[in-house]
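One structure is given below, encoded as structure tokens.
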Amino acid sequence: MKLPREFYTRPDVLAVARDLLGQVLVVRARDGRRVSGTIVETEAYRGPEDRASHAYGGRRTARTETMYARGGTAYVYLVYGLHHQFNVVTNVADVPHAILVRAVAPREGIALMRRRRGPRPDRDLASGPGKLCRALGIDLRLDAADLLGDRVWLEPGERTPARAEIVTGPRVGIDYAGAWARRPWRFRMVARGLVARG
DNA sequence: TATAAGATTTACT
DNA sequence: GTAAATCTTATAT
């Protein structure tokens with residue numbers, strides 16, 4: 001079962017970013033097998049007013065065009081010329097809201113992830129936005145893919161985190177955005193009973 | 001046309 | 001801790 005269109009088209013991108021925690025990101029590998037991970041960290045981007053967003057000021061380029069698609073679309077782009085970033089587009093068409101998936105916990109297809117990522121602790125296989133794309137096999141070919149299609153999609157997780165298990169904080173790597181960078185639009189799921197860190 | 005910097009990761013000192 | 005890798009976009013010649 002996939003998350004329905006209505007999950008993504010909701011108007012509050014912060015609520016969707018929070019609700020993505022605990023859900024499962026699934027990618028169909030070339031041989032048809034499933035590779036998946038549980039989402040544990042997200043960041044909301046609320047263009048056009050959000051100075052940290054690629055769509056700040058209503059900017060529309062070949063790269064950002066995907067952000068203007070309807071909710072439930074994948075937005076994949078390259079940073080620093082070599083790392084892919086996977087985002088979930090939210091809201092209705094022409095409203096460029098998106099959520100960067102910053103980390104997942106490996107779930108299915110772990111052997112394939114290890115092969116793709118090389119020798120390292122399993123804990124580090126997908127513990128960053130560029131790492132998870134490498135581990136799951138996400139690249140520019142998945143840009144603009146429909147999240148209700150059969151190449152990449154989201155499924156409900158077994159358990160959604162309780163409020164006390166969600167830590168919010170400032171977004172990462174966007175110091176140029178001034179005050180917008182300090183907004184607590186980053187959401188992280190922590191293990192129950194652990195003390196939160198920034 | 002040229003230059004700078006970015007929603008990052010890795011290797012090396 | 002610092003540097004290198006190297007594509008896209010914005011801004012300045």
Side-chain angles (χ1 to χ4, degrees), chain A residues 8 13-21 23 25 27 35 37 39-69 71 73-91 95-106 112-145 147 152 154 166-189 198:
Chain A
Y8 304 104
V13 67
L14 299 180
V16 181
R18 223 167 11 232
D19 292 347
L20 278 178
L21 297 175
Q23 316 290 4
L25 173 60
V27 180
V35 186
I39 296 176
V40 295
E41 188 172 334
T42 62
E43 267 178 10
Y45 286 85
R46 203 171 71 189
E49 76 258 35
D50 178 0
R51 188 152 150 51
S53 170
H54 291 162
Y56 176 59
R59 188 160 61 214
R60 263 180 125 125
T61 66
R63 181 177 65 157
T64 65
E65 189 57 33
T66 308
M67 292 186 83
Y68 294 82
T73 301
Y75 169 41
V76 181
Y77 66 91
L78 265 183
V79 254
Y80 304 113
L82 64 165
H83 296 296
H84 297 278
Q85 311 272 256
F86 175 79
N87 299 251
V88 171
V89 176
T90 71
N91 216 304
V95 180
H97 290 184
I99 299 161
L100 171 67
V101 176
R102 288 195 61 89
V104 305
L112 180 53
M113 294 191 204
R114 291 195 188 109
R115 227 171 308 139
R116 285 169 170 162
R117 297 270 300 132
R120 65 201 353 95
D122 280 2
R123 177 186 175 83
D124 296 337
L125 284 177
S127 58
K131 299 181 199 175
L132 98 245
C133 285
R134 180 61 103 87
L136 294 178
I138 293 170
D139 61 28
L140 292 178
R141 287 172 304 196
L142 286 179
D143 182 42
L147 293 179
V152 53
L154 276 78
I166 298 176
V167 179
T168 67
R171 292 176 290 179
V172 178
I174 53 166
D175 293 343
Y176 60 88
W180 287 97
R182 270 169 259 120
R183 297 206 168 202
W185 287 2
R186 172 165 164 241
F187 301 90
R188 215 150 57 85
M189 194 171 106

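The chains referred to below are lettered A, B, ... by the order of the sequence lines, with proteins before strands, and numbering in each begins at 1.
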Bracket string, DNA chain B, 5' to 3' - pairs by Watson-Crick or G-U geometry under 3.5 Å, | interstrand: ||||||.|||||.

Sugar-phosphate only, base, or nothing, as touched by A:R102 at under 4.0 Å among non-hydrogen atoms: sugar-phosphate

A:R171 side chain vs A:R183 backbone, donor-acceptor pair below 3.5 Å: no

Nearest-Å distance for atom pair CG/C1', residues A:D175 and B:dT8: 14 Å

Reported CZ-to-CG distance for the pair A:R182 and A:D175, which is rounded to 0.5 angstrom: 9.0 Å

Touch class at under 4.0 angstrom, heavy-atom based, for A:E43 against every strand present: nothing

Length of the line joining A:L78:CG and B:dT9:P, which is rounded to integer Å: 13 Å

Near-strand residues of residues 59-66 of chain A, defined as heavy-atom separation under 4.0 angstrom from DNA chain B: none

A:R102/A:E43 ion pair, N-O < 4.0 Å: yes

Could I get a table of every N or O pair under 3.5 Å where one atom is in the protein and the other is in nucleotides 10-13 of chain B?
{"unit_1": "B:dT10", "atom_1": "OP1", "unit_2": "A:R117", "atom_2": "NH1", "d": "2.5"}
{"unit_1": "B:dT10", "atom_1": "OP1", "unit_2": "A:R117", "atom_2": "NH2", "d": "3.3"}
{"unit_1": "B:dT10", "atom_1": "OP1", "unit_2": "A:R120", "atom_2": "NH2", "d": "3.4"}

A:D143 CG to C:dC7 P, straight-line distance once rounded to whole Å: 17 Å

Interatomic distance, A:Q85 CD vs C:dC7 P [rounded to whole Å]: 16 Å

Approximate separation, where rounding is to 0.5 Å, of A:D124 CG and A:M113 CE: 13.5 Å

Whole angstrom value for the distance that separates P of B:dG6 from CD1 of A:I174: 11 Å

Polar side-chain atom of A:T64 near backbone of A:M67 as donor-acceptor pair, under 3.5 Å: no

A:D50 side chain vs A:Y45 backbone, donor-acceptor pair below 3.5 Å: no

Spacing of A:H84 atom NE2 relative to B:dT9 atom P, expressed in whole Å: 13 Å

Atom-pair distance (OH on A:Y56; P on C:dT8), nearest Å: 24 Å

Nearest-0.5 Å distance that lies between atom OG1 in A:T42 and atom CG in A:L21: 4.5 Å

Contact check, side chains of A:V13 and A:V95, non-hydrogen atoms, under 4.5 Å: no

Distance, nearest 0.5 Å, that separates CZ of A:R117 from CG of A:L125: 6.5 Å

Separation of atom OH in A:Y80 from atom C1' in C:dT9, rounded to whole Å: 14 Å

Distance in Å, A:L140 CG paired with A:L78 CG, rounded so as to fall on 0.5 Å steps: 4.5 Å

Sugar-phosphate only, base, or nothing, as touched by A:L82 at under 4.0 Å among non-hydrogen atoms: base

Rounded distance (nearest 0.5 Å) linking atom CH2 of A:W185 with atom CG of A:L100: 14.0 Å

